Amino acid sequence: MKNLTEIKGNWNETKGKLKQKFAMLTDSDLLLIEGKQDEMLGRLQIRLGKTKEEIQKLISQL
């Protein structure tokens with residue numbers, strides 16, 4: 001899996017793909033702030049009903 005530093009480099013593209021796949025996600029849900037990656041993953045866990053590992057795997061596969 002890519003780490004979040006690698007993902008951050010292409011975050012706008014990744015964010016767009018996540019919004020296409022999960023239409024209920026908002027820009028607020030996908031806000032990636034330095035040092036707050038865990039908070040963002042927590043928001044995604046709640047919104048998507050998935051575990052942290054499932055979300056990390058999903059993001060790395062995009």
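The basis for the numbers below is simple: all heavy atoms, side chains too, and nothing from hydrogens, waters or symmetry mates. One is the number of the first residue; the rest follow in order along the sequence. Note that the structure is a prediction, hence the values are computed from the model and not measured.
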- [ ] Only counting residues at least two apart or in another chain, list the ones meeting side-chain hydrogen bond (donor to acceptor under 3.5 Å, both in side chains) with K21.
- [x]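 For K21 there are no side-chain hydrogen bond (donor to acceptor under 3.5 Å, both in side chains) partners, ignoring immediate neighbours.
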Query raised in the report: For K50, which residues count as a side-chain hydrogen bond (donor to acceptor under 3.5 Å, both in side chains) partner, sequence neighbours excluded?
Result: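 Not a single residue meets the side-chain hydrogen bond (donor to acceptor under 3.5 Å, both in side chains) criterion with K50.
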Check: Are K57 and E53 ion-paired here, with the side-chain N under 4.0 Å from a carboxylate O?
Finding: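 Looking at K57 and E53, the cut-off is not met.
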message = When you compare the side chain of K15 with that of N12, does any pair of heavy atoms fall below 4.5 Å?
response =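 They are in contact (side-chain heavy atoms under 4.5 Å apart), so the answer is yes.
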Which of L44, L30, L58 passes side-chain contact (heavy atoms from CB on, under 4.5 Å) with F22? It is L58
Please lay out, stage by stage, how L31 and K36 fare under the test side-chain contact (heavy atoms from CB on, under 4.5 Å).
CA-CA 9 Å; L31 185 61; K36 302 248 182 177; over 6 Å; no
The side-chain contact (heavy atoms from CB on, under 4.5 Å) partners of K52 (sequence neighbours excluded) come to D38, L41, Q45, Q56
Looking at residues at least two apart in the chain, or sitting in another chain, which of them share a salt bridge (charged side-chain N to carboxylate O under 4.0 Å, His left out) with E54?
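Residues passing salt bridge (charged side-chain N to carboxylate O under 4.0 Å, His left out) with E54: none at all.
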From the list K19, R47, R43, side-chain hydrogen bond (donor to acceptor under 3.5 Å, both in side chains) with D29 holds only for R47
Take L48 and M24 through the test side-chain contact (heavy atoms from CB on, under 4.5 Å) and record every step on the way to the result. CA-CA 9 Å; L48 301 176; M24 81 284 260; 3.9 Å; yes
